[in-house]
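Worth saying up front: this structure is predicted, and the values here are computed from it rather than measured. Residue numbers start at 1 and run along the sequence shown. For ligands, and for the atoms within them, numbers begin at 1 and follow the listed sequence.
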Amino acid sequence: MDLYEYQGKELFKRFGIPVSEGRLATTPDEARAAAEEIGGQVVVKAQVLTGGRGKAGGIKLADSPDEAAQHAETILGMDINGHVVRKLWIEQASEIAKEYYLSVTFDRGEKKVLFMLTKEGGIDIEEVAANRPEALARLHVDPLEGFQPYQARRLVYGAGIDEPNEQKQILAIVGKLYDAFVGADSMLCEINPLIVTPDGVVKALDSKFTVDDNALYKHADIAGMRDLNAYPPEERAAREKGVTYVKLDGEVGILGNGAGLVMSTLDVIALAGGRPANFCDLGGGGDAQGVTDALEIISADPQVRSILFNIFAGITRCDEVARGILQALDKTKIDHPIVVRFDGTNAEEGRQLLTEAGQDIIHVESTMLDAAKRAVELAV
Ligand code: GDP
Ligand code: MN
């Protein structure tokens, strides 16, 4: 899960990383009030889950509360790389003498945590890595040894930061960033730019913070930061119901159980000459309610023309899935043909339930390929 800048900064603050004072605003009036409370020059920042806000015009300095309100008016509703701005972060403006870059993430190849630090911050890190790789200091942290403070020194010297006052502050920030990374079960913590003010104060001016979805159960406070408005409506509904849903581009809606089976179902649809409209992974288990929820989400997609259920039941029971399908048909009107292929536990019972129900939109097929061909034929 990606956090907004202001949420990442809240976590930074919690772990002792210096950030500027700020307030959230969703209207020009709130932006004016926030600027008044903060006092002096402020920066009005679009809160969207994408980078490059500065270049897109989503970040503006304001010398007065009225100017902050005007900028808010311009920035709210703006589309930045497909993300509509609904929230603003109004922050006390900083004077910038230098812009550095600091991040911590996983290096999956090395199976270690990786820090990166460069004095050439503010711009895309990919650009620095491509054009001036020698300017980018890297430091791997062994997961068994954990992070050692002396390693931060290697990183800071490696990046060529030679001002003792800056060294001291950045060493502390590196340690705290590691604490934040581990403490929040993060997958990426990026500060770009990490600034030095003319007075020599180092602080995080931006934050990019990604938390491992699989660890959110341990962090109720962070899980609560998820903004459902940032997702398309079907994805929102899927999340609320705890269903894994991915939107694609074609005509056949797909329900399977297990990521591997779903992936091969996508391939078989392609082999049969069709294109998947989306897919839901019912996962293990797959009780009737889960099936009903998934079917409702899949069929709400206006691109769907036919639906393919591909179930290979182990723990899942095909009769339970069949009940879910019939329950969904009772509850909601589904106009699209539903092709069902059952294999594994209680496959025969499941097929029988569907046949006995006598619903003409249900088509039972016995192999995955036949089912895919049928679903593609019916998607007209
Ligand atoms: P991004 O474009 O989405 O990465 O957003 P950032 O938060 O990194 O801001 C982009 C740029 O806006 C920074 O690199 C700064 O140059 C500028 N900026 C942001 N906040 C301030 C501020 O408080 N004072 C000044 N002078 N510039 C700022
Ligand atoms: Mn940035």
Side-chain angles (χ1 to χ4, degrees), residues 2-13 17-25 31 34-65 67-68 70-72 74-105 115-129 135-136 166 169-170 173 177 180 186 188-210 227 230:
D2 293 332
L3 302 184
Y4 287 107
E5 174 196 2
Y6 79 93
Q7 297 170 327
K9 282 180 167 170
E10 190 182 316
L11 293 180
F12 282 174
K13 201 166 150 187
I17 296 164
V19 291
S20 300
E21 191 203 339
R23 306 260 190 291
L24 202 62
E36 243 154 38
E37 276 179 52
I38 294 165
Q41 193 183 44
V42 295
V43 54
V44 180
K45 307 186 78 173
Q47 297 300 291
V48 277
L49 298 175
T50 181
R53 295 165 300 158
K55 271 187 213 154
I59 294 178
K60 291 197 154 67
L61 290 165
D63 290 319
S64 68
E67 200 185 347
Q70 279 165 27
H71 289 326
T74 321
I75 298 172
L76 283 167
M78 195 181 255
D79 184 307
I80 302 181
N81 309 322
H83 298 254
V84 177
V85 183
R86 295 192 184 88
K87 292 191 273 190
L88 301 168
W89 180 240
I90 316 295
E91 184 174 274
Q92 185 166 56
S94 305
E95 278 187 76
I96 303 175
K98 297 172 189 170
E99 294 192 317
Y100 297 164
Y101 169 101
L102 173 65
S103 69
V104 57
T105 183
F115 274 103
M116 288 191 274
L117 174 63
T118 173
K119 287 168 82 171
E120 305 194 7
I123 54 170
D124 274 352
I125 193 61
E126 288 78 11
E127 227 170 275
V128 180
L136 190 62
E166 287 176 22
Q169 295 176 69
I170 296 174
I173 292 173
L177 195 63
S186 170
L188 170 71
C189 288
E190 186 185 81
I191 308 177
N192 188 22
L194 176 71
I195 61 155
V196 186
T197 67
D199 303 335
V201 177
V202 180
K203 64 180 167 187
L205 208 68
D206 191 5
S207 100
K208 190 167 171 189
F209 208 118
T210 307
D227 177 8

Residues in contact with ligand 1, criterion: heavy atom under 4.0 Å: Val43, Lys45, Gly51, Gly52, Arg53, Gly54, Ile59, Leu61, Ala93, Ser94, Ile96, Glu99, Asn192, Pro193, Leu205, Asp206
From Leu136, Leu102, Ile123, Leu194, residue fulfilling side chain to side chain contact (heavy atoms under 4.5 Å, CB included) relative to Thr118: Leu136
With sequence neighbours excluded, residues passing side-chain hydrogen bond (donor to acceptor under 3.5 Å, both in side chains) with Asn81: Thr50
Neighbouring protein N, O or S atoms of the Mn ion (ligand 2), below 2.8 Å: 2
Gln7 side chain to Tyr4 backbone, donor-acceptor under 3.5 Å: yes
Smallest separation among heavy atoms of Ala62 and Val44, with atom names: CB-CG2, 4.5 Å
Minimum heavy-atom distance between Ala135 and Val128, given as atom pair plus value: CB-CG1, 4.4 Å
Greater than 12 external heavy atoms within 6.0 Å of Glu37's CD: yes
Residues, nucleotides or ligands: over 12 heavy atoms within 6.0 Å of Lys60 NZ: yes
Presence of salt bridge, Arg86 and Asp227, under 4.0 angstrom: no
Residues forming a salt bridge (charged side-chain N to carboxylate O under 4.0 Å, His left out) with Glu10, sequence neighbours excluded: Arg14
